[in-house]
Each structure stands twice: as C-alpha cells, then as structure tokens.
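What follows is one structure encoded as structure tokens, with my remarks underneath.
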Amino acid sequence: MNVYMDHEASRPVDPLVLEAMMPYFSEKFGNPASFHKLGFEAQRAMKTARGQVASLIDAQESEIIFTSSATESNNLGLIGAARRHRKRGNRIVVSGIEHISVLNVCKELGREGFEIKYVPVDSEGIIELDRLSELVNDETVLVSVMVANGEIGTIQPVKEVAEVAHQHGALFHTDATAAAGQISLDVSTMEIDLMTLSSNDLYGPRGTGCLYVRTGLRLKPLMIGGGQEAGMRSGSENIPGIVGMGKAAELAKETLLAEATRLTRLRDRLIRGMMESVPDSYLNGHRKQRLPNNVNMRFSYIEGESLILSLDQLGIQVSSGSACTAKTLEPSHVLLSLGLKHEEAHGSLVFTLGKGNNEGDVEYVIQHMPGVVRKLRAMSPLTPEELR
Amino acid sequence: MNVYMDHEASRPVDPLVLEAMMPYFSEKFGNPASFHKLGFEAQRAMKTARGQVASLIDAQESEIIFTSSATESNNLGLIGAARRHRKRGNRIVVSGIEHISVLNVCKELGREGFEIKYVPVDSEGIIELDRLSELVNDETVLVSVMVANGEIGTIQPVKEVAEVAHQHGALFHTDATAAAGQISLDVSTMEIDLMTLSSNDLYGPRGTGCLYVRTGLRLKPLMIGGGQEAGMRSGSENIPGIVGMGKAAELAKETLLAEATRLTRLRDRLIRGMMESVPDSYLNGHRKQRLPNNVNMRFSYIEGESLILSLDQLGIQVSSGSACTAKTLEPSHVLLSLGLKHEEAHGSLVFTLGKGNNEGDVEYVIQHMPGVVRKLRAMSPLTPEELR
Amino acid sequence: MMYTEKVLDHFRNPRNVGEIEDADGVGTVGNPVCGDLMSIYIKVEDDRISDIKFKTFGCGAAIATTSMTTELAKGRTLDEAMQITREKVAEELGGLPPVKMHCSNLAADALHEAVTNYRTKNDGEGVS
Amino acid sequence: MMYTEKVLDHFRNPRNVGEIEDADGVGTVGNPVCGDLMSIYIKVEDDRISDIKFKTFGCGAAIATTSMTTELAKGRTLDEAMQITREKVAEELGGLPPVKMHCSNLAADALHEAVTNYRTKNDGEGVS
Ligand SMILES: Cc1ncc(COP(=O)(O)O)c(C=O)c1O
Ligand SMILES: Cc1ncc(COP(=O)(O)O)c(C=O)c1O
C-alpha cells in the first residue's frame with residue numbers, strides 16, 4: 001500500500017495536463033518570438049494558456065505574467081512593486097505566517113531601507129485584523145497576506161485585508177499558491193492588485209508559476225533581457241510549462257467544487273480518526289477556516305522527522321512543516337506563530353490530501369498512526385508514565 | 001518539404017531527453033526537500049543531472065546552480081557578482097555584442113552606479129583585445145564576454161579575455177548559451193569564474209538553465225526564499241527540467257565532435273551555395289572562427305522579414321537576428337556592431353542548423369534562395385537596374 | 001504577431017508591382033534605414049487614377065499594405081484616393097499586428113503624396 | 001539528505017531501548033527545544049559496561065546513533081567506552097547526512113556523561 005499525503009510539497013502532474021504539454025517539447029517547439037509558423041503556433045499556445053489561467057481567478061489574459069515558480073512570483077510581486085512604487089511610502093506590512101520566500105524578500109527590502117511590519121495571527125492562525133489596521137498607515141506602499149497557508153491550512157479574510165490596504169493607498173499582494181484550485185478566487189471582488197500562483201499546486205508541471213498584475217500596475221522587473229511578458233519577466237518562454245499550467249488551471253476550475261467537497265470529507269474523517277485513536281494529539285490551525293486538503297496534527301512527546309520516517313516505512317508519505325523549510329532544521333515559523341512551544345512544533349505532522357487519495361488511504365493512516373506514535377513514545381524520555 | 005533552420009531561436013527536445021524526463025512528471029514527482037522516498041528519489045535525480053552538466057564543462061557537481069533560463073543565469077551571474085563584490089571595484093567591462101539580457105543588466109547596473117565599458121568588435125565580430133586591455137583596470141569588478149554569438153556565430157578568444165580580467169583581479173563571466181554543445185568547454189583551462197548555459201540549446205527542455213559558479217565564489221541571490229541551490233536560487237526545483245538538462249548535457253558531450261564536423265560541412269556548403277547563386281550576397285561574421293551551425297547572410301536591397309515570410313511559405317524556417325530581439329523592430333545591435341549600415345542589417349538572415357538537418361535540407365535552401373531574393377528585389381525601389 | 005490570410009495573399013501575389021516611366025504623380029515615403037521605403041506611381045485621366053504601380057522595400061506588412069492601397073485606389077477619383085486612410089487599408093486586409101500599424105502601414109501616405117505631387121505639378125502648369 | 005540502510009535498521013529496530021531503574025551511571029544530553037534529547041543508562045561490573053539502555057526524543061539520526069552507541073559500548077571497559085567518539089558512531093552507521101553530523105549525533109556525549117557520572121559517584125563514595 002502506498003499513501004501519498006504530501007501534496008503541499010509536490011503534486012503529480014495530471015495525465016491530461018501532461019498530454020496537453022507533450023506536443024510542445026519536440027514537435028511544436030517554436031519560440032513565440034520567431035516570425036514563422038512554429039513561432040505563431042507557440043504564440044497561439046501561450047494565448048490559450050494565459051486565458052485559461054486568467055479564467056481561474058477571473059482576471060484578463062493580459063494580467064497574467066508567467067514566471068518559473070511561486071517563489072519567483074513572490075519575489076517579483078513584492079520587490080517589483082516596492083522598488084517601483086517607493087514614492088507611495090516606505091512601509092510594508094505582511095503577516096508573520098507568510099511563506100519563507102515572502103518573509104526573506106521582506107528582510108531584504110528591510111535592508112534596502114523599507115520598514116517592515118509583521119501582523120501576528122491568533123492561536124488558530126487567523127490574522128489579527130485589529131493589529132493590521134493599526135499597522136497599515138498612509139506611508140504604506142504594500143501589504144501582503146496569503147490567501148491560505150499550506151502548512152496549517154488556515155484561510156485568511158483576504159478581502160478585509162485588501163480593504164484596509166486600499167483605504168491607505170497601499171498595494172495589496174496575496175500569495176494564493178496553496179489556495180488555488182481548492183477555493184474559489186476572484187481578483188476583482190477580492191480587490192487584489194498582485195497575486196501569486198504556482199502551476200504544480202494545480203497538478204501542473206514544476207518550473208512554471210505566474211503573477212497576476214492588475215491592469216495598469218507597473219513593476220520593476222527582476223529579470224531583464226529580451227522584454228518578454230510585457231517587459232516584466234524576460235527570458236524565452238517555457239511553452240510546454242505554460243501550456244501545462246494553462247491546462248491545469250482549466251481542470252482546476254472544472255473540478256474545484258466537487259473536489260473540495262470530497263476532500264473536506266476525507267480531511268474531517270482523518271482528523272477525527274487520529275484524535276480519537278491517538279491520545280495527546282491535537283489539531284493545529286483553524287477547525288473550519290481551513291483548506292479542504294489540510295490536516296496538521298501535533299503528537300506530544302515525540303519528534304516529527306522520526307514520525308515521517310516511520311510512516312515512510314509503512315508507505316505513507318507526509319511532511320513535518322513546509323517542505324521548503326525542512327532543510328533549515330528549524331521548527332516551522334508558522335507553528336511558532338500560533339504560540340506553540342518548540343517541542344510542540346517539532347512533533348507536528350502535515351497531511352496534505354489530493355486527487356489520488358481516497359477513503360481507503362485515510363483509513364490506512366488512521367489504522368497505523370496509533371502504533372507508530374506508541375513505538376516512538378515508548379522510546380522518548382519525555383513521555384509520561386501513563387502513556388508508555 | 002519542411003526545413004527548420006532556426007535552432008538558435010528554439011530546438012526540439014531530443015527524444016532520449018524527453019524519455020529521461022517522463023517519469024518525473026507523474027510518478028517520481030517528489031520534492032527533493034521532502035523527507036521520504038519520493039523526496040530522496042528526487043534528490044538522487046538532481047545529483048545525477050548536476051554531475052552530467054558539470055561533466056560537459058569539466059566542472060564539479062557543486063559548482064552547478066540550476067536556474068530557469070540563460071536569461072536568469074546572466075542576470076544572476078552579473079547582478080549577483082557585481083552587487084556582492086562591489087568592493088573589488090566599480091567598473092564592469094563587456095563586449096558590445098553580448099545578448100540583450102547581458103546588455104540590459106549592464107544598463108541597470110549602470111543606473112545603480114557601476115561604470116559600464118563596452119569593448120568593440122572588429123568587422124568580423126571578434127572582440128578587440130587591445131581595447132579590452134585598455135578598458136580593464138584595477139577598479140574592475142567584472143568582465144563578461146560570451147563564448148560565441150548565436151546570431152553571427154563568431155567565437156571569441158575567451159581564455160585571453162579571462163587572463164586580462166584576472167590580471168586585474170576582476171571576475172570573469174562568460175555566456176556560453178550559444179556555444180555549449182557545439183564547441184568544447186572547460187572551465188578550468190578557460191579560467192572561467194561564472195558561465196551561463198541553457199538547456200534548450202543542448203536539445204533539452206525550455207524552463208531550465210544553469211550558472212556555473214566557481215567553488216568559493218559567492219553571489220547575492222536574485223530570487224530569495226527557501227534557500228535551494230546552495231542559497232543562490234530559491235524555489236522548489238523543477239526536477240523534470242533539471243533531469244532533462246542533465247540528459248541533454250550527457251548526449252551533447254557524447255555527440256559533440258561528430259556533430260560539429262557534420263554541421264561544419266553543411267554550413268560551408270550552405271554558405272558557398274548561396275554566395276554562388278545569389279548576386280550581392282555576403283557572409284556576416286568570421287569565416288573560420290564560427291560556430292559549426294551558423295550561417296548569417298546579407299542580401300542587399302531587400303528586408304529580412306519579407307525574406308523570412310517568403311521562405312516560411314516554402315517550408316523553410318529561419319530568423320533575421322536574435323529571435324529574442326525581433327519584437328523590438330530594431331535592427332540587430334550585433335550586426336550594427338560589425339559596422340553594417342541599418343539597411344544592410346535589415347536584410348540579413350540567420351540560418352542555424354541542427355541535428356535534424358541534412359544535405360537535402362541545405363540543397364533545398366540553396367535551390368530556393370535565388371528565386372525568393374529575385375522576387376523581392378524586383379519589388380524593391382533600391383535594387384539597381386542590372387539586378388532586376 | 002501573425003498576419004491575416006489577406007495580408008499573406010497580398011504579400012505572395014502583390015497587385016500592381018512596378019514603376020510607371022511617365023507617371024503623372026509619384027509619392028515616396030519611409031526610409032531604408034528604418035526598414036521601410038515605398039513609392040507609388042499614378043497615371044491620371046479625367047481626375048481619376050487610371051493606372052497605379054508601386055515599389056516597396058520592407059517587411060511583409062509594408063508590401064501587403066502598398067499592394068492593397070494600389071488596389072483600393074485604382075479607378076478612383078483623386079478626391080476619393082485622398083480619403084483612403086491607413087486604417088482603411090489595414091481594415092481591408094483584415095487587420096494588422098498592432099506593432100505594424102504604425103511602422104509599416106505607410107502606403108496611404110505614399111498615395112496621398114503621389115496625388116499631391118500630381119496636383120502640384122498640374123496647378124503649377126495651370127499657373128505658369 | 002538520505003540515511004544509510006544501517007541507520008534505518010537501527011531506527012526501525014533500535015537496540016537496548018529502555019531505562020535501568022537502578023543504573024550505576026546516567027548521562028543526558030540535548031534539549032527538546034532543539035528537537036533532540038537522549039539519556040543513556042549504564043550498569044557497571046568490574047569496570048565494564050555490563051548493561052546499557054537508552055531513551056531518545058528526536059529524529060531518526062538521533063535514535064539510530066543512540067542505538068548504535070549502546071551497541072558499541074556494551075561489554076566494553078569504561079576506558080574503551082570513553083574512546084567511542086561521535087565520528088566512530090557515524091562511521092559504524094555507514095555515515096550520516098552532513099547536517100545531522102553536528103546536530104543529532106550526540107549519543108557519544110551522553111555515553112561519556114554516563115561514565116563520568118558513574119565515576120564521580122564512585123570516586124565520591126571512595127573518598128567519603
Ligand atoms: C504559500 C506558498 N507560497 C510559495 C511557495 C513557494 O513555491 P515554490 O517553491 O514552488 O516556488 C510555497 C511552497 O510550498 C507555498 O506554500
Ligand atoms: C548568447 C545567448 N545568451 C542568452 C540567451 C537567452 O536565452 P533565454 O531566452 O533562453 O533565456 C540567448 C538566447 O537566444 C543567447 O543566444
């Protein structure tokens with residue numbers, strides 16, 4: 001039995017997406033800048049993909065700037081907006097549970113002289129809107145708060161955040177990487193100026209992401225050169241990747257509601273099943289304002305890596321925090337922001353479900369968790385007498 | 001009949017490369033940061049690819065930083081080195097025929113206060129080493145001269161340039177995008193500090209490139225976040241793309257010599273054939289110091305786009321300058337650097353050969369060129385009486 | 001940047017290519033340095049364009065727009081010819097890529113110049 | 001970051017897990033805040049480690065290195081036990097991922113602490 005529940009770290013490319021991409025590797029391999037039939041074919045393919053992605057978030061084609069990843073989109077969105085619109089103000093306000101790419105970009109902008117303010121979240125991971133209103137002022141150039149956190153699953157009240165930003169004339173960026181494909185996104189009703197999306201989170205290929213840039217908004221480009229993507233992102237376009245992201249966005253839009261309902265049911269069964277069968281286990285994040293596919297659990301007295309390793313032996317793949325930060329050996333900054341102690345953060349597991357998971361998978365995990373936890377707790381010097 | 005001779009703009013992915021990539025889309029789709037079997041599999045795949053790319057240029061695995069394109073590598077190499085090593089000096093010296101990504105990056109660095117000096121090339125496109133020696137001084141932080149120019153095919157005396165740079169303590173970057181896979185590259189005998197490579201020029205997939213960074217050299221990263229690629233390039237790795245670039249590099253190394261010999265013969269036949277059959281046609285660039293696959297010809301009295309369009313109708317795809325600059329409608333800065341007049345530059349065509357081309361293709365082009373040129377010349381008010 | 005079938009047709013089979021040795025009016029616009037140069041030659045009878053020819057150095061759009069312009073102008077009165085605008089020419093071709101609208105779509109100007117050239121010469125003759 | 005088969009074996013089937021109620025020496029290193037805490041318990045007979053047990057809170061490497069350390073130490077003289085280094089433990093496991101060499105490979109220290117703890121107590125007794 002193999003149960004992959006690490007969709008936040010990586011997702012398989014959907015077979016239909018791969019099928020759509022295939023012709024663009026070796027047959028329709030033209031450069032859209034070329035002035036001949038292969039070039040024109042590539043231009044048409046890009047236009048279609050741009051439309052598909054735009055449609056997922058109710059944007060216009062021309063508002064989609066393709067990049068190589070969500071990380072690049074976050075870098076371009078934040079650095080590009082801050083440097084270009086510096087005269088609007090010197091303050092940048094972000095939540096404390098943003099992805100490491102947003103936080104590290106803010107650190108860098110801090111070194112460049114911007115004043116960075118972090119808005120805390122409550123113990124369930126929801127941004128404190130009161131604090132936000134205090135921190136956003138007329139000197140604020142940019143506010144960035146993610147739609148949802150992929151690690152603890154918490155969904156933020158993004159529209160309210162956008163309103164606060166706009167009241168003060170600040171631009172609003174949101175990282176929708178983890179949310180896209182799981183909850184509906186609409187850039188106009190949500191009042192978004194800049195939005196980050198990743199292809200892989202939609203079951204599209206790695207190596208492609210995009211930044212939504214509201215019509216009329218200009219950014220200072222991060223990568224300069226031939227002037228592709230309206231001059232905001234140079235480099236010959238990755239057509240197979242872009243075609244793949246387009247197809248993935250189209251499929252995501254079609255299946256969103258049904259899949260969200262299905263995953264929410266599996267998610268709730270998994271949470272309940274583990275809480276009931278494993279003593280001293282707790283849910284991290286918000287019980288309801290939560291991505292349909294996210295289960296983040298804390299198992300006291302033991303450490304996450306040894307949990308992952310034990311589960312891997314049983315054919316269950318999970319994660320212990322954002323996969324992107326695993327190598328730092330630091331406990332997740334997201335969990336610490338909830339007020340968890342270091343040792344509590346160390347013992348947390350992230351199960352992220354996806355298309356391939358079914359009820360059998362959930363039951364398999366529920367069945368094996370108690371034994372795995374028990375074995376590790378028996379080895380741990382922290383485990384209280386009654387749990388050994 | 002279809003004859004694709006625009007390999008500088010884009011190349012088809014080699015079937016063996018695509019085969020190597022395929023498992024990494026939907027089966028071995030793990031994130032190398034993940035701590036389970038799929039993650040480990042991805043780590044191994046990356047390591048293999050890094051070794052394959054390193055081997056092509058005689059570097060070490062750890063010296064290869066994967067990026068999303070040659071443009072990104074040029075941006076990272078130049079911006080990253082200049083900003084990080086600013087204390088070495090304030091001057092940057094580049095050739096006037098670098099790719100637009102290098103030139104635009106230099107403009108940007110110029111705005112940041114660096115002093116940019118451009119070394120001219122002679123009428124055949126070879127960098128003027130005397131002028132280089134005058135321009136590189138002890139205040140120079142960085143010298144960048146490409147190995148070969150993809151548009152006119154000229155191969156530069158890179159080792160000599162590197163020596164001048166190093167005599168003055170400057171770092172040396174070279175853009176090997178157009179050269180890789182066509183001529184042997186060896187970063188140690190060539191004394192390279194930073195080298196840009198692109199996957200697609202090796203018949204690998206779009207969306208992947210790399211920067212060779214000599215051991216011990218640190219750069220200021222362009223994209224920040226999770227700290228992938230030794231902290232020099234953040235963002236979850238594009239494993240299928242990286243695997244593809246690795247395989248492409250391996251194949252390029254194996255076939256380099258035989259393919260260079262074969263292409264050189266086709267190239268020379270194509271040049272001779274067109275010069276003999278089309279009056280007032282000239283070769284741009286150097287006759288001998290030239291990439292095996294490059295033919296850049298000038299046809300007086302007519303304009304390049306209408307030539308391309310006519311050839312496209314006959315199933316022949318070519319380019320009229322770097323594909324990346326076509327959309328600016330400006331004549332190629334490379335051709336102008338050779339001392340050509342604007343109208344001469346407008347009438348130039350670039351034929352770039354590749355694996356798929358054979359003698360039949362070359363003869364087909366030679367057969368059709370005279371008619372195409374004659375028809376356009378008959379329409380042109382510039383054509384002298386005797387050629388109508 | 002793609003051309004319509006109509007543009008490609010006029011590029012492949014340009015109408016009215018050539019010069020008129022004893023033209024009544026000639027108009028030339030553009031500059032080879034910029035990549036476009038077009039000359040239009042007209043014969044005028046009874047204030048109508050009885051014959052028209054062109055020569056163009058330039059891109060596909062430049063050739064197609066000149067060809068289309070001559071076709072639109074042939075047989076028209078001079079006043080009608082002066083009403084033929086760049087936009088009209090582009091429209092008749094089913095549209096042009098935006099970047100080409102401004103840089104290669106000069107043929108209407110050449111036509112107007114040819115008419116003006118004819119009128120200037122004839123006014124001149126009338127006065128002298 | 002991959003573990004060797006040997007590491008995985010010691011993780012899956014850790015040797016000598018447990019506590020010794022009436023241990024002659026106990027050594028504890030690490031800190032749960034950092035994600036690693038390990039205790040080693042020893043029984044000593046004739047200056048030899050006659051029994052040894054451990055408890056570990058931590059990652060796979062922490063568990064495997066403690067397990068391996070107890071296996072290496074069992075039956076050894078105290079002086080021999082003091083010679084067992086972190087490097088030796090890692091080597092016996094077929095190597096550790098570089099990042100783990102410094103952060104989770106603390107078991108040898110716990111062993112040395114257990115021996116020192118035993119000696120201190122016994123010196124204490126001898127002197128008192
Ligand atoms: C919310 C969020 N933003 C950005 C990223 C970065 O994505 P990538 O590493 O693909 O660039 C992630 C990755 O997990 C994420 O969860
Ligand atoms: C020499 C050279 N450098 C860099 C590039 C940029 O490559 P890309 O557009 O794939 O980033 C090119 C593209 O043609 C090139 O010829």
Side-chain angles (χ1 to χ4, degrees), chain A residues 4 6 9-15 18 25-27 29-31 33-39 68-72 74-75 99-101 104-105 108 200 205-208 222-227 234-241 305 308-309 311-312 317-320 323-328, chain B residues 4 6 9-15 18 25-27 29-31 33-39 68-72 74-75 99-101 104-105 108 200 205-208 222-227 234-241 305 308-309 311-312 317-320 323-328:
Chain A
Y4 184 79
D6 198 11
S10 200
R11 288 169 195 252
V13 175
D14 187 289
L18 193 53
F25 286 109
S26 309
E27 299 148 44
F29 60 88
N31 185 327
S34 289
F35 199 82
H36 50 60
K37 63 178 180 186
L38 270 88
S68 69
S69 64
T71 294
E72 183 183 341
N74 281 340
N75 274 256
H99 185 258
I100 184 84
S101 55
N104 279 347
V105 161
E108 175 63 24
N200 187 245
R206 289 258 167 223
T208 306
L222 204 64
M223 264 193 258
I224 43 195
S234 288
S236 297
E237 299 88 342
N238 174 5
I239 301 292
E305 194 221 84
I308 297 182
L309 205 54
L311 292 171
D312 195 22
Q317 290 97 44
V318 299
S319 172
S320 75
C324 317
T325 60
K327 69 164 88 65
T328 65
Chain B
Y4 184 80
D6 198 11
S10 200
R11 289 170 194 252
V13 175
D14 186 289
L18 193 53
F25 287 109
S26 309
E27 299 147 44
F29 60 87
N31 185 328
S34 289
F35 199 81
H36 49 60
K37 64 179 184 188
L38 269 88
S68 69
S69 64
T71 294
E72 183 183 341
N74 282 339
N75 275 257
H99 184 257
I100 184 84
S101 55
N104 280 348
V105 161
E108 174 63 24
N200 187 245
R206 288 260 167 221
T208 307
L222 203 65
M223 263 192 259
I224 43 194
S234 289
S236 296
E237 299 89 342
N238 174 3
I239 301 291
E305 194 222 85
I308 296 182
L309 205 54
L311 292 171
D312 195 22
Q317 290 97 44
V318 298
S319 171
S320 74
C324 317
T325 59
K327 71 165 84 67
T328 66

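Chain naming here is simple, since letters A, B, ... match the order of the sequence lines and numbering starts at 1 in each.
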Is a donor on one side and an acceptor on the other found under 3.5 Å between the side chain of B/Asp312 and the backbone of A/His36?
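No.
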Strictly distance-based, threshold 3.5 Å: is any side-chain N or O of B/Asn31 a donor or acceptor partner for the main-chain N or O of A/Ala9?
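Yes, because the side chain of B/Asn31 sits within donor-acceptor range (under 3.5 Å) of the backbone of A/Ala9.
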Please test B/Met223 against A/Leu222 for side-chain contact (heavy atoms from CB on, under 4.5 Å), starting from the C-alpha separation and ending with a verdict.
CA-CA 8 Å; B/Met223 263 192 259; A/Leu222 204 64; 4.0 Å; yes
Residue, of A/Asn104, A/Asp14, A/Asn75, A/Thr71, that accumulates the most heavy atom pairs under 4.5 Å with chain B
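Max contact count across the listed options: A/Asn75.
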So, taking the atom named [atom1] in [X] and the one named [atom2] in [Y], what distance separates them when rounded to the nearest 0.5 Å?
| X | Y | atom1 | atom2 | result |
| --- | --- | --- | --- | --- |
| B/Ser10 | A/Leu38 | OG | CG | 8.0 Å |
| A/Phe29 | B/Asp6 | CZ | CG | 8.5 Å |
| B/Asn238 | A/Ser68 | CG | OG | 8.5 Å |
| B/Ser34 | A/Gln317 | OG | CD | 9.0 Å |
| B/Leu18 | A/Ser26 | CG | OG | 5.0 Å |

Identify the heavy atoms of A/Phe35 and B/Ile308 that sit nearest to each other, and give their distance.
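Nearest pair, atom of A/Phe35 first, then B/Ile308: O-CG2, 3.1 Å.
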